[in-house]
Amino acid sequence: LLSFLASTIIAVVNIFLGFVVAHVATYARHASISELNAEIFVVMTLSQLFNSIALNVIVNAVPIGHHADFSRSWFASAGTAMVSTMWVLCITTNINPIRIYKKFVKESKSAFNQPENYVSQHALNSKLVGTSFDLPHRMTFVLIPVVASIIFGTFMPLLYPISILTIVLTFWVDKFLILRYHRRPESMSAAIPIFAVDILIVCVLIRIALSCWIFGIESLFVSKNKSNDFVASAAGGIDRLTKSTSLPHLKLIQLILLEQ
């Protein structure tokens, strides 16, 4: 119950962050609508990633929490909280647009049947024409569960169906509302999709590095050490990175760095 309550609070905070970022961004002097939406998307994504994923890891880490590493107890507490958070985000981010649409349908029917109650054509049109499609908000909301599944999906497989469900629900909800509710969107550049792809690429690199570290935890994955005596005797976590379970991830990171 407490985990579900915390996940609900995170979802509410994410929605609040979206409104705050969108409001503050309007005070900046942007050269175009594309630049404004791109800035809103980047700031919203980073803030919600911190609130939904990074904060959960920080709170459960030493000295704030009780976990010095990614142990079984960490996955039982922090991992469960993360899965429930993504599940709540999957549902709540698609319920609110539907609620707004139902309110719009009710008001538009009333305005169509009683147009004499409006003193101007603009006031009447505002009840009969929907708002513009908010690409930065919708892209951010669908990106959070996807990022969580990329980074932690190997260790918490339930994140994969949650992210797929989020993508499917968001696709059909947005498609329906674009056809039935939203007005024709303004022309924008491809900055937001490009930023989204860049974020996913960074998340893939984080996932490989994290897998290299977690697969070397002896209490979770028992394996032999493949390094030489010099590396095996090194201090810190070098010995963990050279185990047979984590070594492929380490080699993959080396190949990526060499390509760059």
Side-chain angles (χ1 to χ4, degrees), residues 1-24 40-103 134 136-174 177 196 199-200 203 206-207 210 214 217 219-220:
L1 181 60
L2 292 177
S3 178
F4 177 77
L5 180 61
S7 302
T8 304
I9 294 175
I10 291 175
V12 173
V13 172
N14 283 350
I15 296 175
F16 177 75
L17 284 174
F19 287 116
V20 171
V21 171
H23 178 72
V24 174
I40 293 175
F41 169 73
V42 172
V43 177
M44 275 187 57
T45 301
L46 295 179
S47 60
Q48 292 192 19
L49 284 176
F50 177 81
N51 181 56
S52 304
I53 300 176
L55 190 60
N56 184 28
V57 177
I58 295 173
V59 167
N60 287 278
V62 174
I64 302 176
H66 306 285
H67 308 286
D69 206 340
F70 293 98
S71 59
R72 296 179 185 272
S73 59
W74 186 93
F75 286 104
S77 57
T80 303
M82 185 177 299
V83 171
S84 62
T85 298
M86 296 304 118
W87 175 252
V88 171
L89 292 177
C90 171
I91 302 301
T92 56
T93 55
N94 289 292
I95 289 179
N96 191 52
I98 296 176
R99 181 190 62 82
I100 295 175
Y101 170 72
K102 293 182 65 176
K103 181 181 178 181
D134 196 348
H137 284 75
R138 298 301 292 166
M139 183 71 79
T140 300
F141 290 148
V142 75
L143 195 63
I144 303 302
V146 173
V147 168
S149 66
I150 291 176
I151 297 178
F152 293 100
T154 303
F155 320 103
M156 294 177 282
L158 192 58
L159 290 174
Y160 288 128
I162 292 176
S163 63
I164 294 174
L165 180 61
T166 303
I167 294 173
V168 173
L169 286 178
T170 304
F171 170 78
W172 285 108
V173 169
D174 289 349
L177 294 180
I199 291 174
L200 294 179
C203 291
I206 296 175
R207 182 264 181 206
L210 189 63
I214 295 179
I217 300 177
S219 60
L220 296 178

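Every value quoted in this text rests on a predicted model; they were computed, and no experiment measured them.
- Heavy-atom neighbours of F16 CZ from other residues, nucleotides or ligands within 6.0 Å: at or below the threshold of 12.
- Residue T8 holds its OG1 atom at 9.5 Å from CG of L89, rounded to the nearest 0.5 Å.
- Nearest heavy-atom pair across C90 and I162 is SG-O, 4.2 Å.
- Residues that satisfy the side-chain hydrogen bond (donor to acceptor under 3.5 Å, both in side chains) test with N14, not counting sequence neighbours, are N51, S52.
- Here CD1 of I53 is found 6.0 Å from CE of M82. Values are rounded to the nearest 0.5 Å.
- Of the inter-residue distances, the one linking L210 atom CG with F152 atom CZ reads 5.5 Å to the nearest 0.5 angstrom.
- Taking CH2 of W74 as the start and CG of N56 as the end, the distance is 6.5 Å to the nearest 0.5 Å.
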Run the side-chain donor-acceptor check on residues 138-146: report pairs under 3.5 Å with partners two or more places apart or on a different chain.
{"unit_1": "R138", "atom_1": "NE", "unit_2": "D174", "atom_2": "OD1", "d": "2.8"}
{"unit_1": "R138", "atom_1": "NE", "unit_2": "D174", "atom_2": "OD2", "d": "3.4"}
{"unit_1": "R138", "atom_1": "NH1", "unit_2": "T93", "atom_2": "O", "d": "2.6"}
{"unit_1": "R138", "atom_1": "NH2", "unit_2": "N94", "atom_2": "OD1", "d": "3.0"}
{"unit_1": "R138", "atom_1": "NH2", "unit_2": "D174", "atom_2": "OD1", "d": "3.0"}
{"unit_1": "T140", "atom_1": "OG1", "unit_2": "T45", "atom_2": "OG1", "d": "3.3"}
{"unit_1": "T140", "atom_1": "OG1", "unit_2": "P136", "atom_2": "O", "d": "2.7"}

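- Pairing each heavy atom of F75 with each of F155, the nearest pair is CE2-CB, 3.4 Å.
- Here the closest non-hydrogen pair linking A81 and S7 is O-OG, 3.7 Å.
- A distance of 10.0 Å separates CD1 in I10 from CG in L5, rounded to the nearest 0.5 Å.
- For I40 against A22, the heavy-atom pair with the smallest separation is CD1-CA, 4.1 Å.
- Taking every heavy atom of both residues into account, A148 and L159 meet most closely at O-CD1, 3.5 Å.
- Taking CD1 of I150 as the start and OH of Y160 as the end, the distance is 8.5 Å to the nearest 0.5 Å.
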